[in-house]
Amino acid sequence: MSTFSAPKGIPEYFPPSSAAFSTVRDTLLRSAALAGYGYIELPVFEETALYARGVGESTDVVSKEMYTFQDKGGRSVTLRPEGTAGVVRSVIEHGLDRGQLPLKLCYAGPFFRYERPQAGRYRQLQQVGVEAIGSDDPALDAEVVAIGDAGYRAIGLTGFRLEITSLGDTNCRPAYRELLQEFLGRLPLDEDTRRRAEVNPLRVLDDKRPEMQALLADAPLMVDHLCDACREHFDRVKGYLVDLGVKFTENPRMVRGLDYYTRTTFEFVHDGLGAQSGIGGGGRYDGLMAELGGQPLSGIGYGLGVDRTVLAAEAEGLTVGDQARCDVFCVPLGDAAKDRLVAVAGALRAAGVRVDLAYGGKGLKGAMKAADRSGARYAVVVGERDLAEGAAQLKELSSGDQRPVPLVDLVGAVHEALALPTP
RNA sequence: GUGGGUGUAGCUCAGUCGGUAGAGCACUGGGUUGUGGUCCCAGGUGUCGCGGGUUCAAUUCCCGUCACUCACCCCA
């Protein structure tokens with residue numbers, strides 16, 4: 001006999017822990033909405049060439065981590081490994097960049113990378129992202145960073161840090177890249193690292209091995225070789241971050257795995273997670289619109305990992321999301337009471353109250369236990385005796401206080417007891 | 001792709017120096033003919049990951065395999 005299991009490396013969220021997941025996602029989205037980012041919902045797969053061109057052939061994401069397959073029409077399609085390329089494609093396709101700029105968009109959903117799973121690394125990962133397209137104003141860079149930071153803080157996280165740097169642009173990065181390659185060429189590198197030095201020399205800089213870090217101590221850094229325009233841009237971004245009260249540290253060796261990044265790049269790092277410590281990251285991509293066939297507009301965005309943010313909240317001991325399934329739990333004693341409470345539950349829900357009821361003819365003890373486990377603040381108990389009097393017993397579960405309420409007034413009484421806004 | 005660790009009840013795990021297995025949690029009922037969260041009592045489940053080998057006998061020892069997991073790599 002065989003049973004089914006979820007595909008390898010894919011996390012699933014179900015009650016009660018799913019409350020933390022959805023609350024984290026919604027809170028991160030809310031932070032973006034507060035800055036005027038409009039919601040965009042996009043396909044979870046695109047034609048493969050979009051990622052090859054947009055993200056970069058040389059990246060690990062494209063070269064070995066994509067879920068790529070042929071559809072029945074013989075087209076090569078790929079489950080989205082990240083969000084920016086798809087957003088930019090949609091912006092170009094639908095001419096969203098013809099109106100007021102910057103165009104500000106946010107999204108949430110699953111992304112897919114074929115990697116070996118481990119703590120905090122999944123094959124289906126959930127991100128909340130934003131993209132702001134059509135302005136290279138450094139204040140916009142600061143805004144994007146700040147709403148990411150604000151999103152984490154709204155969840156209650158405090159144990160993370162923000163690292164930023166500038167990767168330069170097409171004006172200054174090629175010269176720096178040569179300088180770095182020249183430097184790396186003089187080092188005794190192993191074969192893998194030497195290959196990386198040729199394909200993407202910047203990535204050699206954040207090698208974790210201590211002996212490599214020692215070798216790289218005197219390596220030239222991009223931030224020391226920025227052109228005047230990039231230098232000024234970076235300085236102004238940092239100035240705005242100070243104005244916004246966002247704390248950050250500079251990490252001149254930070255590297256991003258996607259080729260499109262230019263100038264400002266940043267990462268949110270949490271130390272409570274094990275090896276996969278990045279909970280979110282992003283940056284500028286000033287060449288991407290043109291690369292994908294659109295106007296030569298600049299852009300900046302981020303992707304925040306919902307799964308890892310949930311893990312970070314757990315690591316900090318935070319309780320995120322409403323742990324209660326409902327506000328009121330109905331306990332009927334006998335068939336007549338049950339018939340009445342089924343209707344009462346419907347009326348309460350119509351008034352915006354979350355209600356559950358003891359189904360299946362549970363005994364009183366069992367029904368009260370179910371009420372307790374549901375997390376409800378109140379139980380509504382109705383038996384034959386109450387029915388005869390036209391009353392229900394409204395019991396506050398935390399205190400045990402119970403009082404009779406006329407059945408006809410129950411919706412109003414519950415509404416008042418829960419202090420809900422009047423409809 | 002490369003290493004290490006672990007597979008026993010729905011969950012978290014104990015255990016058997018080889019004689020087919022247990023505790024807590026959870027669930028259901030009762031103690032309380034109409035009151036939960038504490039307490040007490042009762043109830044049920046396991047192809048001991050899978051396949052092969054050694055043995056009178058394997059969940060235990062050996063080999064293989066698969067799965068999960070952590071780390072490298074890379075990233076959210």
Side-chain angles (χ1 to χ4, degrees), chain A residues 1-3 5-11 14 17 24-25 28 55 59-65 80-84 108-129 148 152 160 192-193 195-196 200 203 206-209 254-258 267-270 273-282 302-312 329 331-334 337 358 360-387 392-402 404:
Chain A
M1 181 183 71
S2 72
T3 57
S5 58
K8 184 184 179 76
I10 298 191
F14 34 82
S17 65
V24 163
R25 180 195 57 205
L28 294 176
V55 177
T59 61
D60 282 15
V61 167
V62 170
S63 64
K64 54 190 195 194
E65 296 174 1
R80 59 182 185 186
E82 58 91 55
T84 303
F111 297 86
F112 306 86
R113 294 180 196 171
Y114 192 86
E115 303 179 85
R116 283 289 287 273
Q118 69 185 70
R121 188 171 77 183
Y122 309 113
R123 289 184 172 181
Q124 176 175 311
L125 55 116
Q126 300 278 345
Q127 282 188 342
V128 167
Y152 290 128
F160 67 92
D192 274 359
T193 308
R195 198 175 311 120
R196 207 181 313 155
N200 191 340
R203 218 179 298 169
D206 79 338
D207 197 306
K208 285 178 187 168
R209 294 172 292 182
M254 182 170 66
V255 173
R256 314 249 61 229
L258 312 179
E267 207 167 277
F268 296 96
V269 181
H270 198 286
L273 297 190
Q276 308 302 317
S277 58
I279 57 175
Y302 62 56
L304 309 182
V306 177
D307 312 279
R308 288 188 188 173
T309 303
V310 169
L311 292 174
F329 197 95
V331 177
L333 301 170
K362 276 187 166 61
L364 177 60
K365 185 187 173 88
M368 285 305 295
K369 191 167 184 174
D372 188 54
R373 296 296 159 96
S374 76
R377 281 178 62 193
Y378 290 93
V380 170
V381 183
V382 175
E384 306 296 330
R385 226 154 57 203
D386 306 297
L387 274 185
Q393 303 296 327
L394 183 61
K395 176 167 183 162
E396 186 177 43
L397 288 164
S398 61
S399 64
D401 294 343
Q402 180 171 317

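Below, chains carry the letters A, B, ... as their sequence lines are ordered, and counting in each starts from 1.
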Taking only residues two or more places apart in sequence, or in another chain, which ones meet Asp192(A) in a salt bridge (charged side-chain N to carboxylate O under 4.0 Å, His left out)?
Arg195(A)

Using the C1' atom on both, measure U8(B) against G46(B) and round to a whole Å.
8 Å

Looking only at atom P, what distance separates C25(B) and C39(B), rounded to whole Å?
8 Å

At under 4.0 Å between heavy atoms, how does the protein contact nucleotides 31-43 of chain B? Give one character per nucleotide, 5' to 3', with B, S or -.
B--BBBB------

Can you list the residues that meet the side chain to side chain donor-acceptor pair (under 3.5 Å) rule with Gln126(A), with sequence neighbours excluded?
none

Can you tell me how far C1' in C63(B) sits from the matching atom in U69(B), rounded to whole Å?
23 Å

Sequence neighbours excluded and cut-off under 3.5 Å, please list the side-chain donor-acceptor pairs for residues 360-373 of chain A, or say none.
none

Which residues pass the side chain to side chain donor-acceptor pair (under 3.5 Å) test with Gln393(A), not counting sequence neighbours?
Asp386(A), Gln402(A)

Lys64(A): salt bridge (charged side-chain N to carboxylate O under 4.0 Å, His left out) partners, not counting sequence neighbours:
Asp60(A)

Euclidean distance for C1', C66(B) against G51(B) (whole angstrom)
10 Å

Which dot-bracket string describes RNA chain B (Watson-Crick N1-N3 plus N6-O4 or O6-N4, or G-U N1-O2 and O6-N3, all under 3.5 Å; [ ] crossing; | other strand)?
(((((((..((((.....[..)))).(((((.......))))).....(((((..]....))))))))))))....

Considering residues at least two apart in sequence or located in another chain, which fulfil the salt bridge (charged side-chain N to carboxylate O under 4.0 Å, His left out) criterion with Arg121(A)?
Glu115(A)

Given the P atoms of G49(B) and U6(B), what is the spacing between them in whole Å?
14 Å

Taking atom C1' in both U54(B) and G64(B), what distance in whole Å separates the two?
15 Å

Heavy-atom contacts, protein to nucleotides 66-76 of chain B, under 4.0 Å, summarised as B (base), S (sugar-phosphate only) or - (none) per nt, yield --SBSBBBBBB

According to side chain to side chain donor-acceptor pair (under 3.5 Å), who are the partners of Ser399(A), at least two apart in sequence or on a separate chain?
Glu396(A), Asp401(A)

Which residues pass the salt bridge (charged side-chain N to carboxylate O under 4.0 Å, His left out) test with Arg123(A), sequence neighbours left out?
none

Which of parallel (below 30°), tilted (30 to 60°) and perpendicular (above 60°) describes Phe268(A) and Tyr152(A)?
perpendicular

Spacing of the P atoms in A67(B) and C73(B) (rounded, Å):
24 Å

Close side-chain approach of Gln276(A) and Gln118(A), heavy atoms under 4.5 Å:
yes

Please list, chain by chain and in numerical order, all residues satisfying side chain to side chain donor-acceptor pair (under 3.5 Å) with Thr193(A), sequence neighbours excluded.
Asp190(A), Arg209(A)

If we take the C1' atom in both U60(B) and G7(B), what is their distance in whole Å?
14 Å

